[in-house]
Amino acid sequence: MTFDRSIKIAPSILAADFANFGAECRAVEQQGADWVHVDVMDGHFVPNITFGPAMCAAIRPHVKTVMDVHLMIAPVDPYIDAFAGAGADIITAHVEAGPHVHRTLQAIRGAGCKAGLALNPGTPVAAATPLLDLIDLVCVMTVNPGFGGQSFIHAQVAQIAALRAMIGDRPIHIEVDGGVDPVTAPLVAAAGADVLVAGSAVFRGGAADNPAPYGAAIAKIRAAAAAAQA
Ligand code: DX5
Ligand code: ZN
């Protein structure tokens, strides 16, 4: 079976209405989202605090697609079982989060989830080389993690292309996270990314009870990316 490298849009609910997460998740899925991206921040690994396993468990019944949990926390290992138990399909840990990322990735798969590896803009993609057999996804940060609505770091496009060459035919998704919109989406798709996280570009201008702008944004990002896909 060929690995699905078609463009997938993963709206980041960091840009959604925090008081209405369930309805927001249902709305973006009804409007075409392929995955739902959940940004977990601990105020330590990144200078912001969002939510934890309890919130993930609360939204799980409202996410019918893929719950893609991006952990911007350190340490990671003590919390893997809690996020797996909350219903995460994919748990992504940062390579910079601790000295034992090999063990962390094993533990994520051991908990029954797909394992993702995230790389900050300052980290060379070569850091993923010894871990390719342990991962299902690499998340290339195109902003410094911690906030939505930041500007896209163009220097990361070359890193995505290098990673795509490194992965070859392996069944590993390349996810891009930060500053993705209809202008930057073709750049990352042409370089080899297949999962595009988008927060402000999707949720801006809409609401759970007025979701049409979500659909228009998702369709625009998907069309721009698909047209440029390598
Ligand atoms: C940032 C998060 C991103 C962020 C993306 O640390 O990991 O997922 O929410 O938001 P935008 O698309 O607005 O840059
Ligand atoms: Zn994220």
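Numbers here are sequence positions counted from 1. Numbering of ligands and ligand atoms starts at 1, following listing order. For the numbers below, each heavy atom of this structure counts, side chains included, while hydrogens, waters and symmetry mates do not. In this text the structure is predicted, and so the values were computed from the model without any measurement.
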*Does His70 put an N, O or S atom under 2.8 Å from the Zn ion (ligand 2)?*
yes
*Gap between atom NE2 of His37 and atom CD1 of Ile9 - 0.5 Å precision*: 13.0 Å
*Step by step, would you call Lys114 with Asp89 a salt bridge (charged side-chain N to carboxylate O under 4.0 Å, His left out)?*
CA-CA 6 Å; Lys114 298 263 185 208; Asp89 295 299; over 6 Å; no
*Test item: side-chain donor near acceptor, Thr65 and Glu29, under 3.5 Å*: yes
_Side-chain ion pair, Asp77 and Arg103, N-O less than 4.0 Å_ = no
*Where do Lys220 and Asp181 land on the salt bridge (charged side-chain N to carboxylate O under 4.0 Å, His left out) test, with the steps shown first?*
CA-CA 9 Å; Lys220 212 171 167 192; Asp181 62 22; over 6 Å; no
*N/O donor-acceptor pair under 3.5 Å between Asp42 side chain and His44 backbone*: yes
*Do His62 and Phe21 have their ring centres less than 6.0 Å from each other?*
no
*Does Gly149 come within less than 4.0 Å of ligand 1, judged by its heavy atoms?*
yes
_So, taking the atom named CZ in Phe51 and the one named CD1 in Ile13, what distance separates them when rounded to the nearest 0.5 Å?_
4.5 Å
*Using a strict 4.0 Å cut-off to heavy atoms of Gly146, name the atoms of ligand 1 that fall inside it.*
1 (C), 6 (O)
*Does a salt bridge link Asp136 with Arg109, judged by any charged N lying under 4.0 Å from a carboxylate O?*
yes
*Heavy-atom contacts with Gly148 under 4.0 Å: which atoms of ligand 1 show up? List them by number with element.*
10 (O), 13 (O)
_Atom indices of ligand 1 within 4.0 angstrom of His70 heavy atoms, with elements_ = 7 (O)
*asked:* Students should be able to answer this: which protein heavy-atom is nearest to atom 12 (O) of ligand 1, and at what distance?
replied: Gly199 N, 2.8 Å
*asked:* Just by distance, no angles: are the side chains of Asp39 and Thr50 close enough, under 3.5 Å, to form a donor-acceptor pair?
replied: no
_For Gly178, the ligand 1 atoms whose distance to one of its heavy atoms is below 4.0 Å_ = 14 (O)
*Between the side chains of Glu175 and His173, is a donor N or O closer than 3.5 angstrom to an acceptor N or O?*
no
_Distance check, rounded to the nearest 0.5 Å: Met41 atom CE versus His70 atom NE2?_
7.5 Å
*Please find the N/O/S atom of Asp177 nearest to the Zn ion (ligand 2) and write down its name.*
OD2
*List the closest protein heavy-atom neighbour of atom 14 (O) of ligand 1: residue, atom name, distance to the nearest 0.1 Å.*
Gly179 N, 2.9 Å
*asked:* Is it the case that ligand 1 has an N or O less than 3.5 angstrom from some N or O of Asn144?
replied: no
*Can you list the atoms of ligand 1 that are under 4.0 Å from a heavy atom of Leu14?*
9 (O)
_Met141: numbered ligand 1 atoms lying under 4.0 Å from its heavy atoms_ = 7 (O)
_Using heavy atoms and a 4.0 Å limit, tell me yes or no: is Ala15 in contact with ligand 1?_
no
*contact_flag Phe152 ligand 1 heavy-atom lt 4.0 Å*: no
_Asp39: its N/O/S atom lying closest to the Zn ion (ligand 2) (atom name)_ = OD1
_Please work out, at 4.0 Å between heavy atoms, whether the side chain, the backbone, both, or neither of Ser200 comes within that distance of ligand 1._
both
*asked:* Under 4.0 Å from a heavy atom of Pro145: which atoms of ligand 1 are those, numbered in the order shown and with their elements?
replied: 6 (O)
_Protein residue, atom and distance nearest to atom 5 (C) of ligand 1, heavy-atom basis_ = Asp177 OD1, 3.7 Å
*Give the atoms of ligand 1, by number and element, whose distance to some non-hydrogen atom of Phe147 is under 4.0 Å.*
1 (C), 6 (O)
